[in-house]
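Structure record follows, encoded as structure tokens.
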Amino acid sequence: MPKTEATPARPSLLLLDGHSLAYRAFYALKEANLVTTDGQHTEAVYGFTSMLVNVLRDERPSHVAVCFDRSEPTFRHTEYAEYKANRTETPEDFRGQVSLIFEVLDTLRIPRLSLAGFEADDLIATLATRGSAEGMSVLIVTGDRDALQLVDDNVTVLMTRRGISDMTRFTPDAVMEKYELTPAQYPDFAAIRGDSSDNLKNIPGVGEKTAAKWIREFGSLEELVNRVDEVKGKVGDKLREHLGQVMMNRRLTELKRDVPLDVEPASLTMGQFDREGIHKLLDSLQIRGELRERLFKTLGSAEPEVEDAFEVELAMPGPDEVAGWLAAMPAGRAGLAFRGSYGSGTGRIDAIAIAPPGGTAAYLDPTRLTQADEAALREWLGDEAREKAVHDAKGPMLALWAQGMELRGLSCDTALAAYLATPGQRTFELDDLAVRYLKRELRSEAEAGGQGSLFDTDGEAEARDLALRAQAVRELAEGLEEFLSTRGGTHLLGEVELPLVTVLAEMERTGICTDREYLAGLESEFGAAVKQAVEEAHRVVGEQFNLGSPKQLQTILFDKLGLPKTKKIKTGYTTDADALAWLAGQTEHELPTILLRHRDQTKLRTTVEGLIKEIGDDGRIHTTFNQIIAATGRLSSEKPNLQNIPIRTAEGRRIRQGFVVGEGFETLLTADYSQIELRIMAHLSGDESLIAAFESGHDFHQATAARVFDIPPEQVGGDLRAKIKAMNYGLAYGLSDFGLSGQLNIPVAEARALKDEYFEEFGGVREFLQAIVAQARKDGYTETILGRRRYLPDLTSDNRQRREMAERMALNAPIQGSAADIIKVAMLNVRRALAAEGLRSRMLLQVHDELVFEVAPGELDALRALAIREMGSAYSLRVPLEVSVGVGRTWEDAGH
DNA sequence: CACCTAACGTA
DNA sequence: CGTACGTTAGGTGT
């Protein structure tokens, strides 16, 4: 098809007054009372965004900017101290929404501008004047009538009318029709009329009617002043009396068209908007429904770069053709995509697509391979020298293993790479990544209608889809690697996360052995205790109710029994363990105690139940370790979660006795880092006193307490040690005075004093924690010792709650994340050493600072030494990395 | 049936 | 008003 050259449309510049519109939106939607479950109001951000999307949809501007006021005083305040002095304080619910609007605009890649000393209006006037001079048609959207002075043949104003959906379009004719004044006359008229919102005084007895009449009669304010004596009557006297005020009003109303703004209208283009970011933002604001759809529909069609999809030539080698195809495949890294299902340490592959460089991809159905095909495929997949890129490789790896095939030569995992690029994301779907990093759409042909149609008898659409995915993975791997290389993530990906995939897969495949009968016995024991607690509770209250329902519990506790109220939560008053313990102490009633026991026992029972359900045919539990979930870099464990098995109470520890050494092995061994996060703090802060406390050889909490209170370590009592222990641990979480006071049951003032005393001794720690946050605010992200980043845009939020939350995340992320880095490196080194020493012992679990091993007969001493050596040397800190080891038949016995 | 909340286990 | 997770049960809305 011949390309036709479209007539270039005249460039159009859309300028919005951010504050003015946000404020109008806020009041327009006030009745709706839009608020998220954590108390963030969203009327302004919702209304503003909705209006913005509508204007973009209806006007289709080529250029756009949103201008904002600043908190600094402007030249108008210098001229007139009382300027806007009568403004009522910003409503509480409005505060913080402006920064959310900033986030929306940034995510949509819409430029936003502000300049100290000037109002949004002045920026708009300046840009409108410049844009108009450059031949653009300008559209201004605002709720401020002063903007009418800017209207001319090139400049139109859209003024909000009550609400936000209703707008009036002011051309010169429309201004004339409404006010019987020209746009140029409007500020003259406004100066006489005054403006109560800006605290510009009017002339007593002179309203809009008289003001307009004078300007029409004299043509302009200047002329009126020149011939002011011609104005007759009492109003004339008043005018002469207030002439000074009027002239000042006129100067203040005049919008500045020459603000020193270092932005050219032509540069105000819309960038490629962040699709995932918008989803995330709208999710966090709990905005659902049509706005999201309208937004994507409007902005989606303005995404020319995304229009081209991936393309691939499909090869479907038939029986005995696979070996030939693989042999003839172009050199270079191939992208692989798998269809199948994975989990619990195993999996099944239904189809494989291989996309080498060159644009032709093969689709293989494993059930249709001849022996020769299979051998060739096994050879290729297991060849370290044939580079491969896979998206989320651990599942396919497990599935291939289940079929006796290896997956080697993995040089990129696009899911891991994307995780390192932006670890905060909830998901890393291939389709989203393709759009984000390659600006390409990964469309499904099967879903597009091929499936089940007459032309799809052999599932060709599905084959094509998988081939496209393989192709996308191959291209995405290049894109993401390049992206990461600019952010220092290459080492972390290539040397840590990527090799860890295989280690985790091995751990999942191995699983941990359980004693099914023992756990079943435990379940019925806990079950009986639950039943008893339920009966007691019903008897004490005198009626039947569901102890597991916080709602019913509230009714019983606070309405029926009239017990004192606890802390307020969204749905009433909390019935959590702290509150129940408090109630037990406050009242004579025995119910809270019974409820506490019920909670305990229920939790234990359901934990055991969950475990039993996950025991495989081999008597072992195969958890899944997730490598791309935690924003800090930690692993997580699911189905079941083996990282939260009880340990604190004796009752809970009984569950750990259900995890036992497997047949053919000698014992379980656990190895954990002691106080790794505190050691990282000592290392990163360089605080000499804290470092010395670690080197002292004394119990760490005891040693720090001794230093804080300046007494010998031997004299540190249990109480003092407990206080300092709480401090030590709280630091890395951004613990507040309030939080510390609550935890130690002491007054806030005392907690603050304790903190001050602590920092008196460990000043370097305080400086370090403050420096982390300051640095993060400047950079927008934090970094671990291996360069793992965490982005925290909320650090500059003007919503206090969000900002302080981000600050705590900022000081925790490098500490928790560095600990995660270290144990990941340790796992790799342990794995390598096991192989190097030819040991059969194997790693089963990772619980953040602990590794659990199954020891092969005769290897106990060797493994113990290996674990201590490899974990202790994983990273060189300014303090030693101490590792403690426990051994026993069960996980509980192997604990410390 | 899908989703949210409260509660609670771990590091 | 302490970070990071996953699971469960109850309750609500589609």
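Sequence lines set the chain letters: A, B, ... in the order given, protein chains first and strands last, and positions in each chain run from 1. Keep in mind that the numbers below use all heavy atoms, side chains included, and drop hydrogens, waters and symmetry copies.
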Could you state the CZ-P distance from A:Phe625 to C:dC5, rounded to the nearest angstrom?
16 Å
Modelled atom types, side-chain donor and acceptor of A:Asp672 and A:Ser884, under 3.5 Å
yes
Mind checking A:Gly548 for me? I need base, sugar-phosphate or nothing, with any heavy atom below 4.0 Å counting as a touch.
sugar-phosphate
How would you list all residue pairs meeting ring pair (Phe, Tyr, Trp, His ring centres under 6.0 Å) that involve residues 785-811 of chain A, not counting sequence neighbours?
A:Tyr781-A:Tyr791
Please tell me whether A:His622 and A:Thr346 have a donor and an acceptor in their side chains that are separated by less than 3.5 angstrom.
no
Please determine whether a side-chain nitrogen or oxygen atom of A:Gln552 lies at a distance below 4.0 Å from atom OP1 or OP2 of C:dG11.
yes
Ionic contact status for A:Asp699 with A:Arg721, cut-off 4.0 Å
yes
Need one value for A:Ala577: base, sugar-phosphate or nothing, where a base atom within 4.0 Å counts as base even if backbone is also close, heavy atoms only.
sugar-phosphate
Contact list (N/O, under 3.5 angstrom) for nucleotides 12-14 of chain C vs protein:
| unit_1 | atom_1 | unit_2 | atom_2 | d |
| --- | --- | --- | --- | --- |
| C:dT12 | OP1 | A:Lys551 | NZ | 3.4 |

Have a look at A:Ile647 and say if it touches a base, only the backbone sugar-phosphate, or nothing, with a 4.0 Å heavy-atom cut-off.
sugar-phosphate
Any non-hydrogen side-chain atom of A:Glu854 less than 4.5 Å from a side-chain atom of A:Leu668?
yes
From B:dA11, C:dT3, B:dA7, nucleotide with atom closest to A:Asn812 side chain:
C:dT3
What is the distance from OH of A:Tyr733 to C1' of C:dA4, rounded to the nearest Å?
8 Å
Can you tell me how far P of C:dG11 sits from CZ of A:Phe545, to the nearest Å?
12 Å
What residues from residues 761-769 of chain A pass a heavy-atom cutoff of under 4.0 Å to DNA chain C?
none
Whole angstroms only, please: what is the CD-P distance between A:Glu850 and B:dT10?
12 Å
Expressed as a whole number of angstroms, how long is the span from A:Ile569:CD1 to C:dC1:P?
13 Å
For A:Asp672 and B:dT10, give me the distance from atom CG to atom P, rounded to whole Å.
15 Å
Within this structure, what is the CD-to-P distance between A:Gln601 and B:dA7, rounded to whole angstrom?
19 Å
Which nucleotide in the list B:dA11, C:dC1, B:dA7 gets nearest to the side chain of A:Pro550?
B:dA7
Ignoring hydrogens and geometry beyond distance, is a side-chain donor-acceptor pair present between A:Arg653 and A:Thr890 at under 3.5 Å?
no
Can you list, pair by pair, the side-chain donor-acceptor contacts under 3.5 Å of residues 673-681 of chain A, counting residues two or more places apart and other chains?
| unit_1 | atom_1 | unit_2 | atom_2 | d |
| --- | --- | --- | --- | --- |
| A:Tyr673 | OH | A:Met871 | O | 2.7 |
| A:Ser674 | OG | A:Glu882 | O | 3.4 |
| A:Arg679 | NE | A:Ser674 | O | 2.8 |
| A:Arg679 | NH1 | A:Pro880 | O | 2.7 |

Salt-bridge contact A:Arg831-A:Glu870 (side-chain N to carboxylate O under 4.0 Å):
no
Once you apply a heavy-atom cut-off of 4.0 Å, does A:Arg790 come out as touching a base, just sugar-phosphate, or nothing?
sugar-phosphate
Just checking A:Thr574: base, sugar-phosphate only, or nothing, at a heavy-atom cut-off of under 4.0 Å?
sugar-phosphate
May I ask you to check whether A:Tyr518 and A:Gln657 show a side-chain donor-acceptor distance below 3.5 Å?
yes
Shortest non-hydrogen pair, A:Gly734 vs A:Leu811, comes out as N-CD1, 3.5 Å
Taking everything shown except A:Gln586 itself, do over 12 heavy atoms lie less than 6.0 Å from its CD?
yes
Base, sugar-phosphate, or nothing: which does A:Met805 touch, judged by heavy atoms less than 4.0 Å apart?
sugar-phosphate
Between C:dA4 and A:Arg634, is there an OP1 or OP2 to side-chain N/O distance shorter than 4.0 Å?
no
Are A:Arg599 and B:dC8 close enough that a side-chain N or O sits under 4.0 Å from OP1 or OP2?
yes
Every protein N/O lying under 3.5 Å from an N/O of nucleotides 6-8 of chain C:
| unit_1 | atom_1 | unit_2 | atom_2 | d |
| --- | --- | --- | --- | --- |
| C:dG6 | OP1 | A:Ser636 | OG | 2.8 |
| C:dG6 | O4' | A:Asn641 | ND2 | 2.9 |
| C:dT7 | OP1 | A:Lys639 | N | 2.7 |

Sequence neighbours left out, cut at 3.5 Å: what donor-acceptor pairs do the side chains of residues 722-730 of chain A make with other protein atoms?
| unit_1 | atom_1 | unit_2 | atom_2 | d |
| --- | --- | --- | --- | --- |
| A:Asn728 | OD1 | A:Tyr758 | OH | 2.5 |
| A:Asn728 | ND2 | A:His701 | ND1 | 3.1 |
| A:Asn728 | ND2 | A:Thr704 | OG1 | 3.1 |
| A:Asn728 | ND2 | A:Ile724 | O | 3.4 |

So A:Asp737, base contact, sugar-phosphate only, or nothing? Heavy-atom distance under 4.0 Å.
nothing
Check: A:Gln601/A:Glu651 side-chain N/O donor and acceptor closer than 3.5 Å:
yes
Regarding the side chain of A:Ser549, the nearest nucleotide among C:dC1, B:dC8, C:dG11 is C:dG11
Nearest-Å distance, CG (A:Leu845) to C1' (C:dC5)?
16 Å
Could you tell me whether A:Ala820 contacts a base, only the sugar-phosphate backbone, or nothing, with contacts defined as non-hydrogen atoms closer than 4.0 Å?
nothing
